[in-house]
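First up is the structure itself, then whatever we jot down about it.
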Amino acid sequence: MLLGLDVVTVAALALLALGVVGSAIPSVPGPLVSLAGVLVYAFGGGTGVSTLVLVALVVVGVVAVVADWLAGTLAAKYGGASWTASILGGVVGFVAFFAVGPIGLIVGLAGTVFLVEAYRENAEHATRAAVYSTLGALGSIVVQVMLAFGMLATFALALVV
């Protein structure tokens, strides 16, 4: 026992905290880790949090996972980017993230979308698509961190109350 908490509760809290951190790092499935923390607690025999709170946390977790998966791509499409540009931008951004860190994700995504769309259409269209893609990816990170932190705070509060 750690601080009077059982192993399942400690594991759930650790996963929820890791989910918040992971949500702030592009290409890390933070919301999925947070959701795993809630499920570990629910199916691991945790009893200090009500079923209603756990169901609400699962719903929020699913929304965060969907935001993680769709936000950048939908923003790119809304900005006029083709599916090819969106997918290539995501792949290049992912690789660039591991090569040079978070700035690599942004530059890789925006640069790839811009180049693909400039080749397909023109520089004005390419600029719009790249800006929308980048803002969508950054906005997705903000939403994910807020949702994951909200899940952690709600879970911790439910344990105390």
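On a predicted model such as this, the values are computed, not experimentally measured, just so you know.
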Following the transitive rule for hydrophobic clusters with a side-chain heavy-atom cut-off under 4.5 Å over Ile, Leu, Val, Met, Phe, Trp and Tyr, establish whether [X] and [Y] coincide in one cluster.
| X | Y | answer |
| --- | --- | --- |
| Phe149 | Val63 | yes |
| Val116 | Leu135 | no |
| Leu57 | Phe43 | yes |
| Val62 | Leu39 | yes |
| Val143 | Val20 | yes |

Requested in this report: Given side-chain contact (heavy atoms from CB on, under 4.5 Å), test Leu152 with Leu13 step by step and report yes or no.
Outcome: CA-CA 7 Å; Leu152 173 61; Leu13 284 167; 4.1 Å; yes

Query raised in the report: Looking at CG of Leu147 and CD of Gln144, how far apart are the two atoms once the value is rounded to the nearest 0.5 Å?
Result: 8.5 Å

Query raised in the report: How many angstroms lie between atom CD1 of Ile25 and atom CD1 of Ile141, to the nearest 0.5 angstrom?
Result: 10.0 Å

Query - Donor-acceptor contact below 3.5 Å, side chain His125 vs main chain Glu117 - result: no

Requested in this report: Taking Ser23 for its side chain and Gly19 for its backbone only, find out whether a donor-acceptor pair lies under 3.5 Å.
Outcome: yes

Please report, to 0.1 Å, the donor-acceptor pairs under 3.5 Å made by any side chain of residues 86-113, with sequence neighbours excluded.
from: Ser86; atom 1: OG; to: Ser82; atom 2: O; distance (Å): 3.1
from: Thr112; atom 1: OG1; to: Gly108; atom 2: O; distance (Å): 2.7

Query raised in the report: Hey, what else clusters with Tyr119 if you join Ile, Leu, Val, Met, Phe, Trp, Tyr whenever side-chain heavy atoms sit under 4.5 Å?
Result: none

Query - Pairs flagged by side chain to side chain donor-acceptor pair (under 3.5 Å) wherever residues 30-50 is involved - sequence neighbours left out - result: none

**Report entry** Closest contact, heavy atoms only, Val60 versus Met151
**Finding:** CG1-CG, 3.7 Å

Query - Shortest non-hydrogen contact between Ala123 and Phe114, atoms and distance - result: O-CE1, 3.8 Å

**Report entry** Residues Val49, Thr9; criterion side-chain contact (heavy atoms from CB on, under 4.5 Å); working and verdict
**Finding:** CA-CA 10 Å; Val49 177; Thr9 304; over 6 Å; no

